[in-house]
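So that the names make sense, note that chain A is the first sequence line, chain B the second, and so on, each numbered from 1. Because the structure is predicted, anything quoted here is derived from the model rather than measured.
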Amino acid sequence: MKDNIAAQARGMPIPTPDGEFTAYYSARGLCGLEFPPGTRQRAAKAGEAVPTAQVRRWHVAVSKALTLALAGRPPEKVPPLDLSSGTAFQQRVWRALRQIGWGRTKSYAQVAEAIGNAKAVRAVGGACAANPIPVFVPCHRVLAANQCLGGFSGGLAWKRRLLASEGSKSGGASPSLHPGP
DNA sequence: CCCTAGCGGTGCT
DNA sequence: AGCACCGCTAGGG
């Protein structure tokens with residue numbers, strides 16, 4: 001899969017009230033999103049697309065959608081996501097994650113069941129950790145079985161933040177969770 | 001509360 | 001091939 005253009009690994013900034021995110025694009029769409037620096041962040045996949053007119057258009061849409069999401073309003077339309085970097089298993093998980101609606105949550109076990117591999121619970125966690133596009137691929141909507149937070153590669157503070165913006169209770173039922181930083 | 005065993009995918013040797 | 005990670009879970013001290 002190399003509809004490679006100029007192999008330009010440049011990220012494009014998205015200023016938000018919560019800090020500056022960085023977005024990466026391929027020829028197929030958004031392929032990576034980084035949280036603002038400061039806390040833990042993931043190593044985003046490098047984008048390969050030069051900022052064509054289309055990429056710029058995507059970027060505007062992504063920026064708008066992200067800002068909306070952070071403001072607690074579900075983005076109505078999101079640009080195409082390029083998830084081709086993942087393994088077959090990861091892509092299956094990510095697709096399942098995208099079906100979890102705004103404000104809803106699932107456990108890792110439920111996601112495993114949803115992809116028809118009920119025992120691959122822990123592997124689902126691994127796939128979530130490898131998610132290149134947080135927020136839009138809502139890995140933050142996956143909680144531990146006891147409604148505890150579970151983990152989050154971008155830092156649990158972000159997971160809480162995202163859940164809060166969706167009106168989800170992040171383990172509110174069971175206060176005895178091991179929080180994070 | 002803590003500990004353990006079993007689980008599946010991934011990435012490194 | 002093997003092996004050591006893990007954003008897990010269920011079951012027992």
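Across all strands shown, C:dG7 forms no Watson-Crick or G-U wobble pair with both distances under 3.5 Å. In this structure C:dG2 sits in a base pair with B:dC12, meeting the Watson-Crick or G-U test at under 3.5 Å.
With hydrogens and angles ignored, the 3.5 Å screen pairs a side-chain donor or acceptor of A:K159 with a backbone N or O of A:V142. Of the possible polar contacts, one joining the A:Q91 side chain to the A:G86 backbone as a donor-acceptor pair under 3.5 Å is found. Judged by distance alone, with hydrogens and angles left aside, the side-chain atoms of A:H59 form a donor-acceptor pair with the main-chain N or O of A:P13 at under 3.5 Å. Checked by atom type and distance alone, the side chain of A:S168 pairs as donor or acceptor with a backbone atom of A:G103 at under 3.5 Å. With A:R56 contributing its side chain and A:P51 its backbone, the two residues share a donor-acceptor pair below 3.5 Å. A donor-acceptor pair under 3.5 Å is formed between the side chain of A:W94 and the backbone N or O of A:A127.
Per the geometry, NE2 belonging to A:H140 stands 18 Å off P belonging to C:dG7, to the nearest Å. As rounded to whole Å, 11 Å separates atom C1' of B:dG8 from atom CZ of A:R92. To the nearest angstrom, P of C:dT9 lies 12 Å from CG of A:L149. To the nearest angstrom, P of C:dG11 lies 13 Å from CG of A:N146.
Looking at residues two or more places apart in sequence or on another chain, you find no salt bridge (Lys or Arg N to Asp or Glu O under 4.0 Å) involving A:E113.
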Checklist entry - What do the steps show when you test A:R141 against A:E166 for salt bridge (charged side-chain N to carboxylate O under 4.0 Å, His left out), and what is the final call? => result CA-CA 10 Å; A:R141 293 182 193 144; A:E166 299 189 6; 2.8 Å; yes
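DNA chain C lies under 4.0 Å from at least one heavy atom of each of the following residues of residues 96-122 of chain A: A:S107, A:Y108, A:A109, A:V121, A:R122.
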Which atoms of nucleotides 10-13 of chain B (N or O only) lie under 3.5 Å from a protein N or O atom, and what are those distances?
from, atom 1, to, atom 2, distance (Å)
B:dT10, OP1, A:T87, OG1, 2.1

